[in-house]
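Have a look at the structure below before the remarks.
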Amino acid sequence: MVSIVNREDEGQTHPLISPETGGSDPLEVEEQTLPRRLWVETKKLRQIVGPAILSQVAFYSMNIVSHAFAGHIGAVELASFSIANTVIVGFNYGLMLGMASALETLCGQAFGAKRYHMLGIYMQRSWMILFLCCFLLLPVYVFAAPLMKLLGQSDEVAELCSVAAWWMIPLHFSYAFQFPLIRFLQCQMKNNVISWVMLVTLIFNMIGNWLCVYVFNSGIIGICVVLDVSRWILVVSLYVYIAYGGCPQTWTGFSVQAFSGLWEFGKLSFASGVMLCLENWYYRILMLMTGSLGDATIAADAFSICMNINGWEMMIPLAFFAATGVRVSNELGAGNGSAAKFATKVSVVHSTIAGVFLCGLIMILHDKIAYIFTSEAVVVREVNELSYLLAISIILNSVQPILSGAAVGSGWQVYVAYINIFCYYIVGLPLGMLMDWVFQLGVQQGIWGGMMFGGTAVQTIILTIITVRLDWDNEAKKAKERVDRFSQKNPNDFFAPKP
């Protein structure tokens with residue numbers, strides 16, 4: 001059944017959408033005092049950051065829970081599942097998560113410009129692009145065994161890793177729908193919904209893993225199936241909320257308009273994917289490089305512990321990353337460049353305060369943090385030596401993601417992708433190899449130091465300079481042009497509700 005949806009109200013404010021979300025009124029902003037502007041912006045950030053932290057932690061915890069149960073089966077099962085989930089799934093995860101971040105630019109700016117119906121169109125385009133990407137990435141799962149053997153894994157681990165990879169293919173395809181659904185809701189500041197669904201999914205994941213390991217004895221296959229089902233529960237739940245009344249103005253049904261402009265949309269998605277995955281892959285390269293050290297086992301254990309702590313802490317900057325992208329894109333879409341600039345400043349300040357607090361906590365507990373994961377004295381000492389680098393990393397990570405969020409909100413993912421290539425692979429990786437292999441400084445001053453000072457620090461400096469010198473009013477004009485270009489009208493909507 002085909003119906004035509006009335007679009008005459010595209011530029012009007014809808015009573016069902018709160019004026020506190022989306023872009024600010026430039027005239028109202030000019031009349032506000034600085035404390036008032038700060039309070040209003042902080043309130044808007046809090047609407048996104050708080051629930052985003054909860055949902056990020058819940059999402060991250062599902063993998064941790066699955067790893068823990070795999071470890072209770074056996075050492076080979078733990079190694080196989082860890083490699084399958086961290087290397088194989090993680091390799092594809094970074095690219096697809098980055099590609100979905102194109103929606104933060106387009107949906108956020110369209111929402112700020114009050115082109116509400118376009119958010120659903122953009123999400124459908126993202127579904128198609130990411131679904132195609134899933135098929136292109138399938139060989140990584142299919143040929144997991146020879147790939148792992150090529151990387152030096154034992155035959156036993158490589159073969160079981162291949163089994164896990166095959167069973168995690170449904171999880172792989174869930175990302176094509178999950179990431180766009182989350183971005184779609186985040187751009188409307190409907191983060192509470194995401195948090196509740198994530199929490200329910202995490203509880204299911206914990207119970208399901210316990211049943212599979214201790215009741216049904218289904219081993220690593222059962223753990224993979226539970227992780228698959230958990231991700232698809234998340235997808236179905238979010239879609240049901242959106243399609244059945246949760247987003248009446250931004251989801252108007254499936255439309256053939258989603259098939260138009262796929263080339264332009266795909267280019268922006270690919271640039272977004274490259275921007276994020278280059279940094280994501282760098283960490284995995286570092287883990288492989290630790291195996292070349294003389295004290296490989298101790299170094300890998302210590303580095304892994306630091307990366308786990310860093311991963312938990314990164315949930316806060318990633319929440320600010322999402323919040324900044326939404327706020328900047330909303331304000332630019334509304335034509336308010338100065339408000340987008342102010343939102344970036346406020347987000348950087350808040351994230352930096354959180355980073356300083358956590359950095360201080362690490363420095364105070366520098367000789368005790370490793371006991372969360374191990375009681376081996378030699379590993380504890382190694383982590384203690386790495387603690388100052390972990391603290392510096394936390395400080396840098398409290399600024400860099402926010403600047404990247406501003407880049408996503410503004411739509412300059414292509415430039416950030418080039419910056420990431422330069423910082424991480426032309427500067428950071430060679431510097432880490434030089435410090436480790438030539439100067440024999442070890443993992444603490446070599447590999448990780450090269451990453452931070454040659455990669456993250458340089459990237460932060462470059463992004464800071466770009467953000468400070470940015471013409472925000474011009475970015476607002478570009479946002480309007482982008483919204484107009486990606487909002488080509490096509491009345492042939494199908495499965496859409498009648499007006």
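The chain is numbered in sequence order, starting from 1.
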More than 12 non-hydrogen atoms from neighbouring residues, nucleotides or ligands closer than 6.0 Å to [atom1] on [X], yes or no?
| X | atom1 | answer |
| --- | --- | --- |
| W196 | CH2 | no |
| F59 | CZ | yes |
| W166 | CH2 | no |
| W167 | CH2 | no |

Output the distance between atom [atom1] ([X]) and atom [atom2] ([Y]), rounded to the nearest 0.5 Å.
| X | Y | atom1 | atom2 | value |
| --- | --- | --- | --- | --- |
| I73 | F69 | CD1 | CZ | 9.5 Å |
| F204 | L199 | CZ | CG | 14.5 Å |
| C212 | I207 | SG | CD1 | 12.0 Å |
| N397 | L358 | CG | CG | 11.0 Å |

Is there a donor-acceptor pair closer than 3.5 Å between any side-chain N or O of [X] and the backbone N or O of [Y]?
| X | Y | result |
| --- | --- | --- |
| S393 | L389 | no |
| S80 | E77 | no |
| S329 | V326 | yes |
| Q109 | G409 | yes |
| S162 | A144 | no |
| S55 | P51 | yes |
| S351 | S398 | yes |

| Residues S338 and N336: side-chain donor-acceptor under 3.5 angstrom | yes

| If we ignore angles and hydrogens, is there a donor and acceptor under 3.5 Å between the side chains of Q459 and N420? | yes

Does any part of the side chain of [Y], heavy atoms only, come nearer than 4.5 Å to the side chain of [X], both counted from C-beta?
| X | Y | value |
| --- | --- | --- |
| Y60 | V57 | no |
| N205 | V226 | yes |
| S237 | V200 | no |

| Is it true that F422 and Y418 have ring centroids separated by less than 6.0 Å? | no

| task | Taking salt bridge (charged side-chain N to carboxylate O under 4.0 Å, His left out) as the test, write out the residues that go with E159, two or more places apart. | result | K149

| said: For K267, give me all partners under salt bridge (charged side-chain N to carboxylate O under 4.0 Å, His left out), at least two apart in sequence or on another chain. | reply: E264

| query | Picking from R327, K341, K345, R46, what satisfies salt bridge (charged side-chain N to carboxylate O under 4.0 Å, His left out) with E41? | reply | R327

| Which residue pairs satisfy the side-chain hydrogen bond (donor to acceptor under 3.5 Å, both in side chains) criterion with at least one member in residues 460-475, sequence neighbours excluded? | none

| Passes side chain to side chain contact (heavy atoms under 4.5 Å, CB included), I88 versus M148? Steps please. | CA-CA 9 Å; I88 297 174; M148 291 303 103; 4.3 Å; yes

With a 3.5 Å cut-off and sequence neighbours excluded, list the donor-acceptor pairs that the side chains of residues 168-183 form with protein atoms.
{"residue": "H172", "atom": "ND1", "partner": "Y141", "partner atom": "OH", "Å": "3.2"}
{"residue": "H172", "atom": "NE2", "partner": "C134", "partner atom": "O", "Å": "3.0"}
{"residue": "S174", "atom": "OG", "partner": "L171", "partner atom": "O", "Å": "2.6"}
{"residue": "R183", "atom": "NE", "partner": "E104", "partner atom": "OE2", "Å": "2.7"}

| What pairs meet the salt bridge (Lys or Arg N to Asp or Glu O under 4.0 Å) rule with one or both residues in residues 458-468, with sequence neighbours excluded? | none

| Listed by chain and number, what are the side chain to side chain contact (heavy atoms under 4.5 Å, CB included) partners of I395, not counting sequence neighbours? | V356, C359

